Engineer: 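Structure below; questions to follow.
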There are 2 protein chains.
Amino acid sequence: MKTTLGTVRDEDFLRLDHQICFSLHAATRAFNGVYRGALKELGLTYPQYLVMLVLWEHGELPVKKIGEHLRLDSGTLSPLLKRLEAAGYVERRRSAEDERSVTARATDAGTELRERALGVPRRIALATGLSLEEIRDLREQLAALSARLDAVDPDLLEGTCATD
Amino acid sequence: MKTTLGTVRDEDFLRLDHQICFSLHAATRAFNGVYRGALKELGLTYPQYLVMLVLWEHGELPVKKIGEHLRLDSGTLSPLLKRLEAAGYVERRRSAEDERSVTARATDAGTELRERALGVPRRIALATGLSLEEIRDLREQLAALSARLDAVDPDLLEGTCATD
DNA sequence: CACGATTCAGTTGTGCACAACTCAATCGCG
DNA sequence: CGCGATTGAGTTGTGCACAACTGAATCGTG
């Protein structure tokens with residue numbers, strides 16, 4: 001049976017909330033820390049690693065497309081890609097068809113990096129102590145949650161009450 | 001039946017990994033966005049809101065203790081508390097017993113803020129589309145995950161292989 | 001009591017996330 | 001074709017996270 005939200009007092013909600021929002025926040029930072037350790041030897045940060053994963057999987061891509069895969073905008077990606085380029089892992093060039101667009105792709109060094117990164121996910125999975133099924137379930141729950149949160153109408157959140 | 005990690009190829013892991021680490025990352029940012037909308041009218045960021053939750057629940061606390069509740073260090077909390085102080089929601093003062101320590105507590109304005117924040121968690125919960133049971137389950141999964149990740153021996157992550 | 005080790009808050013520097021903006025290239029409609 | 005609207009990358013400014021550090025207060029052991 002599902003407990004409807006209406007049966008809970010605001011006071012209790014404030015504590016529950018403290019726990020759900022915070023546990024997600026904490027889990028993300030804990031993951032970040034574990035990745036930081038695993039990626040140190042590759043000279044990548046965690047977001048840089050995500051970008052490399054996208055490029056390894058899809059080849060050359062416009063900044064826009066990378067942003068769609070990772071839900072990041074140019075304000076985050078432009079400097080990040082510049083750092084990857086400075087590290088020698090990525091090449092950028094203006095598209096010939098559309099001069100507004102800039103595409104990025106892994107250099108030879110960036111492609112070699114993939115071999116050295118192959119062992120990372122397994123070590124992370126070991127660190128979580130989860131089975132593959134648990135990992136998959138959690139991933140699906142989180143993906144569904146993200147989708148719902150991204151679809152929320154901003155106005156729903158602003159009114160001081162209005163939810164009656 | 002649990003699938004052991006050993007039965008999966010590194011290649012497949014690299015894609016699975018892309019999904020689990022990323023889904024958590026995305027969910028956190030989606031949550032952040034939803035909170036941003038809900039907290040805008042209170043003039044708080046999401047981490048500032050977390051600090052206020054801790055202070056509302058525990059009263060006056062040393063910076064160190066706030067950091068333990070939120071798993072944040074002084075490098076993050078010091079400037080954050082300064083901003084909360086500038087906004088008039090928090091007071092800081094050096095402890096009399098231990099001159100090294102600085103305690104923070106909500107001002108009158110900070111305490112009044114709690115009333116205005118009472119409606120926030122319910123709106124967030126509505127936005128997730130989850131029942132209370134689902135929220136609790138997810139919270140527990142994430143808390144357990146954080147605990148395991150925080151306990152990981154850093155050396156386990158560094159060796160190029162060493163996990164045989 | 002004295003002095004080295006530890007603890008605590010704060011600072012500095014780097015990188016990510018995002019809002020708000022600029023500017024050029026492209027699109028689309030009259 | 002011409003011109004306003006849109007799209008794409010990039011910049012700027014603010015705030016968070018964290019490593020590495022400083023400096024002061026406290027602790028512990030001889």
Side-chain angles (χ1 to χ4, degrees), chain A residues 21-22 24-37 39-40 43-51 61-68 70-87 90 92-104 146 150 154, chain B residues 21-22 24-37 39-40 43-51 61-68 70-87 90 92-104 146 150 154:
Chain A
C21 67
F22 172 64
L24 190 69
H25 201 63
T28 294
R29 283 183 293 120
F31 247 114
N32 249 298
V34 171
Y35 271 102
R36 200 190 323 280
L39 295 173
K40 194 165 48 182
L44 292 178
T45 66
Y46 178 60
Q48 287 167 9
Y49 171 68
L50 293 179
V51 168
L61 277 183
V63 173
K64 177 75 175 179
K65 289 286 177 191
I66 299 173
E68 285 171 11
L70 299 178
R71 196 191 169 282
L72 291 172
D73 65 10
S74 67
T76 300
L77 287 174
S78 286
L80 192 158
L81 287 169
K82 239 190 264 186
R83 281 185 288 269
L84 282 176
E85 190 170 41
V90 154
R92 289 185 302 159
R93 63 162 175 244
R94 276 219 173 251
S95 163
E97 307 90 63
D98 187 341
E99 291 278 338
R100 289 171 304 182
S101 177
V102 169
T103 62
S146 297
D150 280 337
Chain B
C21 66
F22 171 64
L24 190 67
H25 201 64
T28 295
R29 284 182 293 118
F31 246 116
N32 249 297
V34 171
Y35 271 103
R36 201 192 322 279
L39 295 173
K40 194 166 47 183
L44 292 178
T45 66
Y46 177 60
Q48 288 167 7
Y49 171 69
L50 292 178
V51 168
L61 277 182
V63 173
K64 175 76 175 179
K65 289 288 178 191
I66 299 173
E68 285 171 12
L70 299 178
R71 196 192 168 283
L72 291 173
D73 65 9
S74 66
T76 300
L77 286 174
S78 287
L80 192 156
L81 287 168
K82 237 190 265 185
R83 281 186 287 268
L84 282 176
E85 189 170 42
V90 154
R92 289 186 303 159
R93 62 163 176 246
R94 275 218 173 252
S95 162
E97 308 88 62
D98 187 341
E99 290 278 336
R100 292 171 303 181
S101 176
V102 168
T103 63
S146 296
D150 280 336

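Given the structure is predicted, the values throughout are model-derived calculations rather than measurements. Every chain is numbered from 1 and lettered A, B, ... according to where its sequence line falls, protein lines coming before strand lines.
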Engineer: Within this structure, what is the NZ-CG distance for the pair B/K64 and B/D73, rounded to the nearest 0.5 Å?
Structural biologist: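 These two atoms lie 9.5 Å from each other.
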Engineer: Can you measure B/L77 atom CG to D/dG15 atom C1' for me and round it to whole angstrom units?
Structural biologist: 13 Å
Engineer: Under 4.0 Å: is that the gap between some side-chain N or O of B/R92 and OP1 or OP2 of C/dG10?
Structural biologist: yes
Engineer: With rounding to the nearest 0.5 angstrom, report the CG to CG distance, A/L84 to A/L77.
Structural biologist: 10.0 Å
Engineer: Expressed as a whole number of angstroms, how long is the span from A/Y35:OH to D/dC18:C1'?
Structural biologist: 19 Å
Engineer: Is there a side-chain contact between B/R71 and the phosphate of D/dC18, meaning an N or O under 4.0 Å from OP1 or OP2?
Structural biologist: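 Affirmative; the distance criterion is met.
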Engineer: Please report, rounded to the nearest Å, how far the P atom of D/dT11 is from the CG atom of A/L81.
Structural biologist: 12 Å
Engineer: Report the C-alpha distance between A/K82 and A/E85 in whole Å, list the side-chain angles of each, state the deciding distance to 0.1 Å, and finish with yes or no for salt bridge (charged side-chain N to carboxylate O under 4.0 Å, His left out).
Structural biologist: CA-CA 5 Å; A/K82 239 190 264 186; A/E85 190 170 41; over 6 Å; no
Engineer: First locate atom OG1 of B/T103, then atom NZ of B/K65, and finally report the distance between them rounded to the nearest 0.5 Å.
Structural biologist: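 Here the rounded value is 13.5 Å.
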Engineer: Among C/dA17, D/dC18, D/dA9, find the nucleotide with the atom closest to the side chain of B/T76.
Structural biologist: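 Minimum distance to the B/T76 side chain belongs to D/dC18.
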Engineer: Rounded to the nearest angstrom, tell me the gap between atom NZ in A/K64 and atom P in C/dT26.
Structural biologist: 16 Å
Engineer: Which part of the nucleic acid, if any, lies within contact of A/K82, taking any heavy atom under 4.0 Å across all strands shown: a base, the sugar-phosphate backbone alone, or nothing?
Structural biologist: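 Counting heavy atoms under 4.0 Å across all strands, the contact made by A/K82 is with sugar-phosphate only.
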Engineer: If you check the A/R100 side chain, which of D/dC18, C/dA9, C/dA24 turns out closest?
Structural biologist: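 The nucleotide sitting nearest to the side chain is C/dA24.
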Engineer: Of B/D98 and A/A30, whose nearest nucleotide on DNA chain D comes first from the 5' end?
Structural biologist: A/A30
Engineer: Rounded to whole angstrom units, what separation is found between the CD atom of B/E68 and the P atom of C/dA9?
Structural biologist: 9 Å
Engineer: Given atom CZ of A/R94 and atom P of C/dA25, what is their separation to the nearest angstrom?
Structural biologist: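 Distance, rounded to whole Å: 8 Å.
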Engineer: If you pin A/A96 and A/Q48 to their nearest nucleotides in DNA chain C, which one's is more 5'?
Structural biologist: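 The 5'-side residue here is A/Q48.
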Engineer: Confirm from the modelled atom types if B/S74 and C/dG10 form a donor-acceptor pair under 3.5 Å, side chain to base only.
Structural biologist: yes
Engineer: Looking for any heavy atom pair under 4.0 Å, which part of the strands does A/L72 touch: base, sugar-phosphate only, or nothing?
Structural biologist: sugar-phosphate
Engineer: What class does the angle between the rings of B/Y49 and B/Y35 fall in, given that below 30° is parallel, 30 to 60° is tilted and above 60° is perpendicular?
Structural biologist: tilted
Engineer: Whole Å only: how far is the CD atom of A/E85 from the C1' atom of D/dG10?
Structural biologist: 14 Å
Engineer: Measuring from atom CZ of B/R94 to atom OG of B/S101, what distance do you get when rounded to the nearest 0.5 angstrom?
Structural biologist: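 Here the rounded value is 8.0 Å.
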Engineer: Both B/G75 and A/V102 contact DNA chain D. Which one's nearest nucleotide lies toward the 5' end?
Structural biologist: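 The residue whose closest nucleotide sits nearer the 5' end is A/V102.
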Engineer: Would you say the side chain of A/S101 and the base of D/dG8 hold a donor-acceptor pair, judged only by whether the two atoms sit under 3.5 Å apart?
Structural biologist: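 Such a pair does not exist between side chain and base.
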Engineer: A/L61 CG to D/dA9 P: how many Å, rounded?
Structural biologist: 11 Å
Engineer: So B/T45, base contact, sugar-phosphate only, or nothing? Heavy-atom distance under 4.0 Å.
Structural biologist: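 Touches sugar-phosphate only.
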Engineer: Counting any heavy atom closer than 4.0 Å, what does B/L80 reach on the DNA or RNA strands: base, sugar-phosphate only, or nothing?
Structural biologist: sugar-phosphate
